[in-house]
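Down below is the structure, laid out as structure tokens.
Residue numbers begin at 1 in each chain, while the letters A, B, ... track the order of the sequences. None of the values given here were measured: they were computed from a predicted structure.
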Number of protein chains: 2
Amino acid sequence: MFGGKWKALILYHLFEDGVLRFSEFRRRMPNVTQRMLTNQLRELEADGLISRTVFPEVPPRVEYELTDLGKTLKPVIHALKEWGDKYAHSVTQKKESSGG
Amino acid sequence: MFGGKWKALILYHLFEDGVLRFSEFRRRMPNVTQRMLTNQLRELEADGLISRTVFPEVPPRVEYELTDLGKTLKPVIHALKEWGDKYAHSVTQKKESSGG
DNA sequence: CGGTATCCCAATTGATACTG
DNA sequence: CAGTATCAATTGGGATACCG
């Protein structure tokens with residue numbers, strides 16, 4: 001379920017910001033391609049962890065937020081971030097990511 | 001770093017049991033192939049999370065345990081397991097795993 | 001007992017271009 | 001703004017057989 005390379009980061013930003021639009025994700029995760037972002041958002045939605053709300057406006061607006069189930073992941077994401085902050089530098093990195 | 005499908009489970013068993021031999025992993029995770037188990041153990045070792053000790057005996061014996069760095073992952077693995085125990089059933093599963 | 005070596009398929013990820 | 005479509009490359013994973 002956490003298979004996706006960016007899912008944890010997506011969830012992290014949702015815990016930080018509550019609600020995010022597609023373009024806001026793009027700003028927060030600049031090195032995720034549009035395709036991958038769409039892809040992972042849809043998978044998270046399919047797993048019932050986030051919700052997607054389309055506002056029929058011009059220009060279009062789509063908002064993502066955590067579902068109740070998604071919110072239960074807080075301890076996991078939190079533990080992951082804590083660990084990353086403390087120890088990620090100890091681990092061999094192949095490439096720098098979009099700083100989460 | 002958690003890319004591997006079985007890494008979290010490997011770490012979990014090490015937190016449970018302290019030290020494990022190759023064959024003990026196999027018993028605890030029957031549906032991981034020998035190749036994948038070796039593979040993921042080596043990656044964890046390369047990342048400095050576990051150590052591998054070979055005892056030059058007959059029959060051969062190899063023991064795996066957590067390094068100090070590996071032990072710092074306890075909160076993460078713990079949070080993950082807690083979540084799994086509570087909510088994994090809420091999520092669509094494609095296949096059952098080796099029960100962790 | 002604790003692995004390696006091969007082969008092969010599936011899934012994931014990425015680059016780029018296009019669209020309502 | 002928020003996506004799709006298409007193609008290509010890489011990586012992950014499983015089956016099976018063999019080895020010191």
Applying side chain to side chain donor-acceptor pair (under 3.5 Å), can you list everything that pairs with E16(A), at least two apart in sequence or on another chain? none
Between NZ of K86(B) and OG1 of T72(A), what distance do you get to the nearest 0.5 Å? 8.5 Å
D17(B) vs R28(B), side chain to side chain contact (heavy atoms under 4.5 Å, CB included): CA-CA, chis, key distance, verdict: CA-CA 11 Å; D17(B) 297 311; R28(B) 282 160 179 74; 2.8 Å; yes
Here the distance between atom C1' of dT12(C) and atom CG of L37(A), to the nearest Å, is 15 Å
Does K5(B) put a side-chain nitrogen or oxygen below 4.0 Å from OP1 or OP2 of dG14(D)? yes
Considering only residues two or more places apart or on different chains, which pairs with a residue in residues 61-70 of chain A satisfy side-chain hydrogen bond (donor to acceptor under 3.5 Å, both in side chains)? R52(A)-Y64(A), E57(A)-R61(A), R61(A)-E63(A)
d(Y12(B) OH, K81(B) NZ) to nearest 0.5 Å is 4.0 Å
In whole Å, what is the span from the CE atom of M36(A) to the P atom of dA15(C)? 11 Å
Rounded distance (Å) that lies between atom C1' of dT16(C) and atom CG of N31(A): 17 Å
Figure out the CZ/C1' separation between F55(A) and dA2(D), and round it to whole Å. 14 Å
If the condition is side chain to side chain donor-acceptor pair (under 3.5 Å), which residues does T38(A) pass it with, not counting sequence neighbours? none
Between dA2(D) (C1') and L20(A) (CG): distance, integer Å: 14 Å
Give a yes/no answer on whether the side chain of Q40(B) brings an N or O atom under 4.0 Å of OP1 or OP2 in dG12(D). no
Between dA11(C) (P) and K7(A) (NZ): distance, integer Å: 14 Å
Quickly work out the E24(B) CD to dG2(C) C1' distance and round it to whole Å. 13 Å
At what angle, to 10 degrees, do the two end axes of the helix from dC1(C)-dG20(D) to dG20(C)-dC1(D) meet, given five pairs define each axis? 60°
Spatial distance of atom CZ (F15(B)) from atom CG (L73(B)) [nearest 0.5 Å]: 6.0 Å
Nucleotide by nucleotide, 5' to 3', does protein get under 4.0 Å of the base (B), only the sugar-phosphate (S), or neither (-) in nucleotides 3-8 of chain C, counting heavy atoms? BBBB--
Is V54(B) reachable from I50(B) through a run of I, L, V, M, F, W or Y residues, each pair having side-chain heavy atoms under 4.5 Å apart? yes
Would you tell me if any nitrogen or oxygen in the side chain of R21(B) comes within less than 4.0 Å of OP1 or OP2 on dG2(C)? yes
Any side-chain N or O of T33(B) below 4.0 angstrom from OP1/OP2 of dA15(D)? no
Tell me the salt bridge (Lys or Arg N to Asp or Glu O under 4.0 Å) pairs involving residues 29-39 of chain A, sequence neighbours left out? none
